[in-house]
Amino acid sequence: MERKYNPIMIEEKWQKRWEEEKTFHVTEDADKEKYYLLEMFPYPSGKIHMGHVRNYTIGDVVARYKKMRGYNVLHPIGWDSFGMPAENAAIDHGVPPAEWTNENIDAMKKQLKRMGFSYDWDREISTCETDYYKWEQLFFLWMYKKGLAYKKGATVNWCPKCQTVLANEQVEAGLCWRCGAEVEEQYLEQWFLRITDYVEELLDYCDKLPGWPERVLTMQKNWIGKSYGCEIVFPMADSNDVIKVFTTRQDTIFGATFMLIAAEHPLVMELVRGKEREPEVREFVERIKKQDKMMRTADFYEKEGIFLDAYCLNPVTEKKMPIYAANFVLADYGTGCVMAVPTHDQRDFEFAKKYGLELIVVIQNPDNPLDPETMTKAYVDEGILINSGQFNGMENMKALDSIADYLSSIGRGQKTIEYRLRDWGISRQRYWGAPIPIIHCEKCGAVPVPEEDLPVILPGDVELTGEGGSPLVSVKSFVETTCPNCNGPAKRETDTMDTFVESSWYFDRFCSPHFDEKPGLDKKAVNYWMPVDQYIGGIEHAILHLLYSRFYTKVLRDFGVLNFDEPFTNLLTQGMVCKETERCKEHGYLYPEEVKDGKCVHCGLDVKIGKTEKMSKSLKNVVDPDYIIREYGSDTARIFCLFAAPPEKDLEWSDQGVEGAFRFLNRVWRIVMDYLDDIRDIEIFDGKADLDREMKNLRKKIHQTIKKVTIDIDERFHFNTAISAVMELVNTLYQVKHPDKRDAKGLAVVREAIENIIILLNPIIPHMTEELWEMIGEKRKLSGISWPSYDESVAAEEEITIAIQVNGKLRGRIQVSADESGENIKKLALNNERIQRFTGDKKVIKEIYVPGKLVNIVVK
RNA sequence: GCCUGGGUGGCGGAAUAGGUAGACGCAAGGGACUUAAAAUCCCUCGGUGCUUGACACCAUGAGAGUUCGAUUCUCUCCCCAGGCACCA
């Protein structure tokens with residue numbers, strides 16, 4: 001009997017069958033418990049990479065497993081299809097973005113299908129289609145009416161050569177990524193979403209998401225950056241005006257000796273207007289404004305400032321404080337003004353030293369008293385307040401509240417809270433995105449497009465050159481329109497939305513992907529499926545995508561569309577796929593196929609193996625999933641990705657590891673082939689008759705394996721240990737002597753082993769297991785089979801090994817029956833000949849018995 | 001600088017309500033089969049020492065502590081990865 005494992009044939013056969021039979025199509029079913037499993041949907045770049053393979057394989061195992069556990073599983077896929085690369089392809093090669101995008105989708109869809117993922121393809125969505133983004137435009141209108149979407153001036157990265165706005169990621173070391181021109185700051189009118197309205201709830205729920213990795217929540221908390229402090233009012237020395245500052249260190253207020261204002265703050269020029277210093281200050285401000293971006297990316301930059309020939313008063317000491325404009329103060333955090341306490345803030349200290357400003361110590365170091373004359377750096381630790389009037393002698397941290405209360409009692413301050421999080425700027429001066437549904441009318445101003453006029457369709461016939469700002473500006477048929485208010489001539493908004501907007505609600509759309517009524521989400525379906533039970537994706541989206549999605553969920557909830565607070569109950573952030581880099585002196589980095597026997601195929605020079613890094617085209621350390629599928633099949637690709645590392649860790653690619661995975665699949669295949677004829681007509685062992693020792697052990701192993709695999713997948717997503725457990729069972733089966741054809745009992749146990757191996761591996765290698773299932777003569781469909789349960793009494797060991805320690809050191813082992821009493825085991829341990837060599841004539845102080853594990857004898 | 005993770009054989013990784021460290025796989029070595037090779041199947045495989053044993057000692061980044069017992073808990077330090085970074 002020789003039937004070779006032919007993965008390609010088998011895989012294509014079953015993929016076709018699943019597609020024809022719509023095996024993974026689901027609908028809402030009130031009788032079944034739902035399970036919504038989602039992987040982050042891909043950008044259609046043209047080809048899937050190993051990161052996708054890993055991400056989607058992990059998800060697929062869970063989806064298939066949950067289905068076998070009886071859940072009604074929603075497992076959809078779609079395309080995050082707006083974005084820059086499509087536009088760049090158009091600029092570089094003249095292909096229309098829609099065409100480029102759809103071709104890529106077709107190609108990647110084929111690849112995903114070839115991997116055998118259990119998607120409900122009837123729910124496929126593509127965010128660049130009008131039937132998707134028209135709802136997004138509707139939500140925008142609702143947000144606009146509620147004041148959650150607004151327009152304001154803001155500085156952006158501007159490439160003067162390309163005449164366009166660049167996203168932060170498109171600025172490389174201060175230069176435009178495409179043309180290399182120096183990026184400038186420009187002040188532009190931009191659309192924003194008021195995420196800060198939800199900042200407290202977003203922060204609060206960080207402590208109510210137990211299914212999220214701690215580090216993601218920490219990153220989000222840091223990003224939100226809540227700080228408790230005080231707004232303090234500083235009166236001007238010679239007018240009735242005031243300067244307000246935000247500080248978290250009101251305990252140091254008595255040490256504030258000068259005032260700093262962000263260079264670009266309008267107050268700077270106001271203060272020097274008409275003064276002798278005005279031209280000098282203007283020059284300084286202009287210089288700083290230009291340098292700003294460069295300096296912010298530099299590791300270190302010199303503190304610089306300029307005196308504004310103005311003074312304010314310290315609100316508690318009434319001392320005169322000179323006012324400076326400074327480069328290191330941020331204009332858009334707090335009030336843009338900072339009280340400087342040079343003795344207890346390092347930046348202020350450096351500034352004071354440079355410009356010869358006064359130092360007053362207000363927190364005394366208890367171990368080593370400070371002297372302003374000799375200090376070489378600011379003292380930032382805790383201590384006792386001095387030079388602080390009625391607060392002298394208090395611990396500085398404890399004085400925070402009292403000083404805030406005092407400031408408020410004299411009308412010069414109050415407790416406040418500041419956040420690092422800013423409103424979300426969604427304007428892009430780009431073509432390939434969802435148009436913002438606003439019309440600008442000279443008479444009426446910004447007017448929202450009436451809901452019944454949606455969608456505002458992105459025009460198709462646009463020439464993309466990459467120059468001259470937003471491409472939509474020059475499309476007359478798009479821009480020129482009439483005002484919905486006054487019917488006069490008006491112009492459409494030409495900004496499109498950030499692509500993060502699409503991905504902020506796509507998971508809702510998957511629940512009713514073809515729903516054509518307002519608001520594009522069928523409440524019944526969405527509230528049945530949502531929230532997502534398990535979300536899986538890369539750690540690189542830990543902040544932006546996940547925070548925006550949480551924000552959108554709360555906004556849509558407040559519009560009455562959704563009835564839950566958070567979109568993702570459990571989150572798994574899988575690690576990256578890495579591979580060692582290879583380079584040759586002549587030809588630089590090499591693709592794996594450019595290396596043969598350690599030599600470069602171009603020049604024959606020795607290839608140097610470099611660091612293991614995330615697979616990337618620039619380092620050429622990539623493996624093409626198509627190649628792996630062609631050589632080994634997708635089942636091998638799947639099991640390798642799962643076996644090499646637990647999902648949250650980085651996975652190191654290993655060609656030999658892939659070989660090993662393939663070898664294991666062959667091993668499974670062969671053992672089933674070996675038994676095929678003998679077990680085809682056998683029923684699985686019913687547990688009624690007595691078995692010989694070998695078969696009893698095999699059965700024990702079967703049930704132990706079911707138990708371990710169930711726990712590993714269900715509780716921990718540790719597929720690597722689940723697979724190794726099945727490997728052990730397969731190894732055990734290989735060790736068993738092949739029962740005689742007439743030994744029905746023995747063969748029944750073997751059949752039990754084989755059936756369970758197939759079922760346990762099904763979520764991991766679905767194609768091969770379907771094929772084997774059919775071959776062993778099963779009539780039931782494997783895709784409809786339930787997950788096996790195990791019999792605890794069969795899995796139990798009859799004899800257990802007890803380790804014996806003397807003073808905590810392992811000195812021997814004894815075999816006892818599993819129900820042996822603790823007293824007897826202790827006795828056996830003490831009387832053990834080997835053990836007596838170590839206890840000898842010493843006195844036994846105590847014996848510790850850990851049930852089923854060990855005995856520790858303590859002697860002296 | 002701050003905040004998260006994480007350091008275990010030649011390698012990927014197992015084992016944590018404290019209880020036999022190294023499961024499983026890769027690589028390596030040996031054996032069987034073969035005219036031969038590949039494939040396959042079986043065995044060995046952390047280090048050191050000798051008295052080759054059911055041996056002893058050393059081993060989970062380093063050092064201390066708690067404990068009968070620590071990869072697991074506590075403290076100090078070192079290294080690596082990721083995030084934030086003049087946020088007042």
Side-chain angles (χ1 to χ4, degrees), chain A residues 213-223 225-227 229-230 245-250 252 256 260 262 295-296 298-301 303 326-330 332-341 344-348 350-351 380 418-421 539-540 542-543 573 575-576 639-640 643-646 648-661 663-664 666-667 670 708 718 720-728 730-731 734-735 801-813 832-834 837 845-860:
Chain A
E214 194 55 44
R215 62 175 176 152
V216 173
L217 294 170
T218 314
M219 277 157 83
Q220 295 217 344
K221 282 185 205 167
N222 288 343
W223 186 263
K226 182 177 186 174
S227 49
C230 209
V245 305
F246 171 76
T247 182
T248 55
R249 294 299 307 275
Q250 63 269 21
T252 62
L260 296 169
M295 292 212 262
R296 223 160 265 177
D299 288 348
F300 166 81
Y301 65 75
K303 281 141 199 66
N327 63 344
F328 66 94
V329 176
L330 300 173
D332 54 356
Y333 183 78
T335 63
C337 306
V338 176
M339 68 174 202
V341 184
H344 304 295
D345 181 286
Q346 185 58 25
R347 295 158 297 180
D348 299 347
E350 286 167 33
F351 194 87
V380 294
E418 271 295 325
Y419 302 92
R420 213 187 71 105
L421 181 74
I539 186 73
E540 65 271 22
I543 299 171
T573 48
M576 299 178 299
I639 202 168
F640 170 74
F643 183 64
E648 66 279 3
K649 277 182 87 165
D650 285 350
L651 179 149
E652 197 185 324
W653 190 265
S654 148
D655 292 331
Q656 284 161 336
V658 176
E659 287 281 349
R663 215 175 296 155
F664 170 66
N666 277 288
R667 215 167 134 77
R670 269 192 309 270
K708 173 143 180 68
H718 276 207
N720 56 336
T721 51
I723 293 166
S724 68
V726 181
M727 284 173 167
E728 284 187 51
V730 171
N731 289 347
Y734 264 89
Q735 301 287 329
T801 308
I802 300 289
I804 309 170
Q805 298 180 334
V806 178
N807 287 344
K809 275 197 166 163
L810 181 70
R811 294 300 181 190
R813 297 182 173 91
N832 186 286
E833 188 187 336
R834 268 176 60 74
R837 284 187 3 220
I845 295 171
K846 65 172 163 179
E847 302 144 62
I848 295 138
Y849 172 60
V850 182
K853 296 259 162 105
L854 59 73
V855 177
N856 187 11
I857 300 162
V858 186
V859 294
K860 206 170 178 181

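The chains referred to below are lettered A, B, ... by the order of the sequence lines, with proteins before strands, and numbering in each begins at 1.
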What is the separation between atom CE on A:Met576 and atom P on B:G5, rounded to the nearest whole Å? 18 Å
Pick base, sugar-phosphate or nothing for A:Asn731, based on heavy-atom distances below 4.0 Å to the nucleic acid. sugar-phosphate
If you assign A:Tyr333 and A:Glu659 each to the RNA chain B nucleotide with the nearest heavy atom, which residue ends up on the more 5' nucleotide? A:Glu659
When you look for runs of 3 or more Watson-Crick or G-U pairs in a row, both distances below 3.5 Å, which of them include RNA chain B? B:1-7 with B:78-84, B:10-12 with B:24-26, B:28-32 with B:40-44, B:46-49 with B:55-58, B:61-65 with B:73-77
Value in whole Å for how far the C1' atom of B:G6 lies from CD1 of A:Ile539: 14 Å
Under 4.0 Å from OP1 or OP2 of B:C41: is there any side-chain N or O of A:Arg667 that close? yes
Determine the Euclidean distance between corresponding P atoms of B:G31 and B:U52; express it in Å to zero decimal places. 26 Å
I need the CG-P distance between A:Leu421 and B:C87, as an integer number of Å. 17 Å
Are A:Arg663 and B:C41 close enough that a side-chain N or O sits under 4.0 Å from OP1 or OP2? no
Return the polar atom pairs (N/O with N/O) between nucleotides 49-54 of chain B and the protein under 3.5 Å, or none.
residue, atom, partner, partner atom, Å
B:A54, O2', A:Arg834, NH1, 2.7

To the nearest 0.5 angstrom, please state how far the CG atom of A:Asp348 sits from the CZ atom of A:Phe328. 5.5 Å
Expressed in whole Å, how much space separates the P atoms belonging to B:U71 and B:G63? 13 Å
For a quick test of reading the model: is some side-chain N or O of A:Arg215 closer than 4.0 Å to OP1 or OP2 of B:A81? no
Whole-Å distance separating the CD atom of A:Gln220 from the C1' atom of B:G82: 16 Å
If only side-chain N and O atoms of A:Arg811 are considered, is one of them under 4.0 Å from the OP1 or OP2 phosphate oxygen of B:C57? yes
Roughly how many Å apart are B:C87 and B:U8, using the P atom of each and rounding to a whole number? 36 Å
Looking across every strand, which nucleic acid part, if any, lies under 4.0 Å from A:Lys221 by heavy atom: base, sugar-phosphate, or nothing? nothing
When you compare the side chains of A:Arg667 and A:Asn731, does any donor N or O come within less than 3.5 Å of an acceptor on the partner? yes
Nearest-Å distance, CG (A:Asn666) to P (B:G25)? 15 Å
Is the glycosidic angle of B:G9 within 90° of 0, making it syn, or outside that range, making it anti? syn
For atom CD of A:Gln656 and atom C1' of B:A28, their distance in whole Å: 11 Å
Given B:C42, is OP1 or OP2 found less than 4.0 Å from the side-chain N or O atoms of A:Tyr734? no
For atom P, what is the distance between B:G5 and B:G22, given to the nearest Å? 28 Å
Considering only heavy atoms from C-beta outward, does the side chain of A:Lys809 approach that of A:Asn807 to under 4.5 Å? no
Does any part of the side chain of A:Thr573, heavy atoms only, come nearer than 4.5 Å to the side chain of A:Arg215, both counted from C-beta? yes
By nearest-heavy-atom nucleotide on RNA chain B, the more 5' of A:Ile857 and A:Thr218 is A:Thr218
Just call it for A:Gly657: base, sugar-phosphate, or nothing, with non-hydrogen atoms closer than 4.0 Å on any strand. nothing
Are there more than 12 heavy atoms of other residues, nucleotides or ligands under 6.0 Å from atom NZ of A:Lys853? no
A:Ile802 CD1 to A:Ile804 CD1 distance, which is reported to the nearest 0.5 Å: 8.5 Å
Using the C1' atom on both, measure B:U67 against B:G12 and round to a whole Å. 34 Å
To the nearest 0.5 angstrom, please state how far the CG atom of A:Asn856 sits from the OH atom of A:Tyr849. 13.5 Å
Produce a footprint string for nucleotides 13-23 of chain B: one letter per nucleotide, 5' end first; B if the base is under 4.0 Å from any protein heavy atom, S if only the sugar-phosphate is, - if neither. SSS---BB--B
How many Å lie between CD on A:Gln735 and P on B:C42, as a whole number? 6 Å
Rounded to the nearest Å, what distance is computed from the CG atom of residue A:Asn807 to the P atom of nucleotide B:U67? 15 Å
Mind checking the C1' distance from B:U72 to B:U60? Whole angstroms is fine. 10 Å
